[in-house]
Amino acid sequence: MVEIIPSILAADFARLAEEIAPLERGGVSMLHIDVMDGHFVPNLTVGPPLVACLRKTTKLALDVHLMITDPDRYAPAFIQAGADLVSVHQETCPHLDRTIRMIQSEGAKAGVVLNPATPVGTLENVLDLVDYVLIMSVNPGFGGQKFIPRALDKIRALDRIKRESGLEFRIEIDGGVTTGNLAGIVRAGCEWVVAGVTVFGAPDRVARVAEMQGIARGAASVCV
Ligand code: DX5
Ligand code: ZN
C-alpha cells in the first residue's frame, strides 16, 4: 500500500498542531520532518525540540530527514525526542554501515537518502541493512521545487534490485510530487511518497490526501 506522507516544511510552523490534526483524523499515518543545518543544504529548519513537541501532539509516525553534515552526532537526539524513522544522506556518511546500525540500535528505522546526482549503486553494500531508501527528486534544501524525472529511473532500478534479491527495504520519494506525476512514481515502484506544497497548499488538505491516495491505488493496480 502506498503512503502519502505530508512534509511539514510546507505547513505553518506557528500552528503545527492544528495543521496536523485534520490529516491524522483523515487517515495519514506518517509525517515527514525536514532537518536542515545550513551546511549540507543552504537552508535552516528545526531540531530535536520540535520533534519532542510533535511527539506530544500526534501519534503519527515521525519520519525525520536529516539534511545535516554530521548525522552521527545528532541522530540519537532526534530518536530520543520521538523520531520513529531517521534518514541520513549517503553523501554525508563515510561510515554508512555504522551509521545505519547506530540508528537501528537507538530504536528507529534507518533510511538512506540519495541526492539527484548520487547513483543507486553507491548503496549496493547496505541494501540488506536499511529499512528504507529515500530518492530525492529535487536538490534538497527547499520545498516547492520542480520534480527531476530521472528519479523515476532510480526508483525502477531499486525496485528491480529489491525484487531480484528478495530484500525488504521500502522506497520513498521526496520533492516536487504533484497529483500529475504521482501515478508514474507509484508505477515505478515507490511506496512512500512525501508531499509538501501539494498537500499543505491545497484548499482542503484532507481531500487532497484522499485524492492522492486514490491516484496511488489506481496506479498500483496497473503495476506489473
Ligand atoms: C526538500 C525536502 C522536502 C520538501 C518537499 O529538501 O526534503 O521534504 O518538503 O517539498 P515539496 O513536496 O513541496 O517539493
Ligand atoms: Zn525531506
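All figures in this text were calculated on a predicted structure; none of them were measured in a lab. Just so you know, ligand 1 is whichever comes first in the structure, and atom 1 is the first atom listed for that ligand.
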**Q** Could you tell me whether the side chain of Val120 reaches within less than 4.5 Å of the side chain of Leu114, counting heavy atoms only?
**A** yes
**Q** side-chain hydrogen bond (donor to acceptor under 3.5 Å, both in side chains) with Gln213: which residues, sequence neighbours excluded?
**A** none
**Q** Can you pull out every side chain to side chain donor-acceptor pair (under 3.5 Å) where at least one residue sits in residues 73-88? Sequence neighbours excluded, please.
**A** Arg55-Asp84
**Q** Check Arg101 with Asp97, please: is the shortest side-chain N to carboxylate O separation under 4.0 Å?
**A** yes
**Q** Is any NZ, NE, NH1 or NH2 atom of the basic residue among Asp153 and Arg156 found under 4.0 Å from an Asp or Glu carboxylate oxygen of the other?
**A** yes
**Q** Go ahead and list the nitrogen or oxygen contacts between ligand 1 and the protein that come in under 3.5 Å, distances to 0.1 Å, or just say none.
**A**
unit_1   : atom_1 : unit_2 : atom_2 : d
ligand 1 : 6 (O)  : Gly141 : N      : 2.8
ligand 1 : 7 (O)  : Asp34  : OD1    : 2.9
ligand 1 : 7 (O)  : His65  : ND1    : 3.3
ligand 1 : 7 (O)  : Asp174 : OD2    : 2.8
ligand 1 : 8 (O)  : His32  : NE2    : 3.4
ligand 1 : 8 (O)  : Asp34  : OD1    : 3.1
ligand 1 : 8 (O)  : Asp34  : OD2    : 2.7
ligand 1 : 8 (O)  : Asp174 : OD1    : 2.6
ligand 1 : 8 (O)  : Asp174 : OD2    : 3.0
ligand 1 : 9 (O)  : Ser7   : OG     : 2.7
ligand 1 : 9 (O)  : Asp34  : OD2    : 2.9
ligand 1 : 12 (O) : Gly196 : N      : 2.8
ligand 1 : 13 (O) : Gly144 : N      : 2.9
ligand 1 : 13 (O) : Val197 : N      : 3.0
ligand 1 : 14 (O) : Gly144 : N      : 3.4
ligand 1 : 14 (O) : Gly176 : N      : 2.8

**Q** Just to be sure I understand the site: which N, O or S atoms from the protein are less than 2.8 Å away from the Zn ion (ligand 2)?
**A** His32 NE2, Asp34 OD1, His65 ND1, Asp174 OD2
**Q** Do Val177 and Met212 touch side chain to side chain, with heavy atoms closer than 4.5 Å?
**A** yes
**Q** Is any side-chain heavy atom of Thr92 less than 4.5 Å from a side-chain heavy atom of Ile68?
**A** no
**Q** Less than 3.5 Å apart, any donor N or O on the side chain of His65 or Asp63 sitting next to an acceptor on the other?
**A** no
**Q** Can you confirm whether Leu85 sits close enough to Asp131 that some side-chain heavy atom of one is under 4.5 Å from a side-chain heavy atom of the other?
**A** no
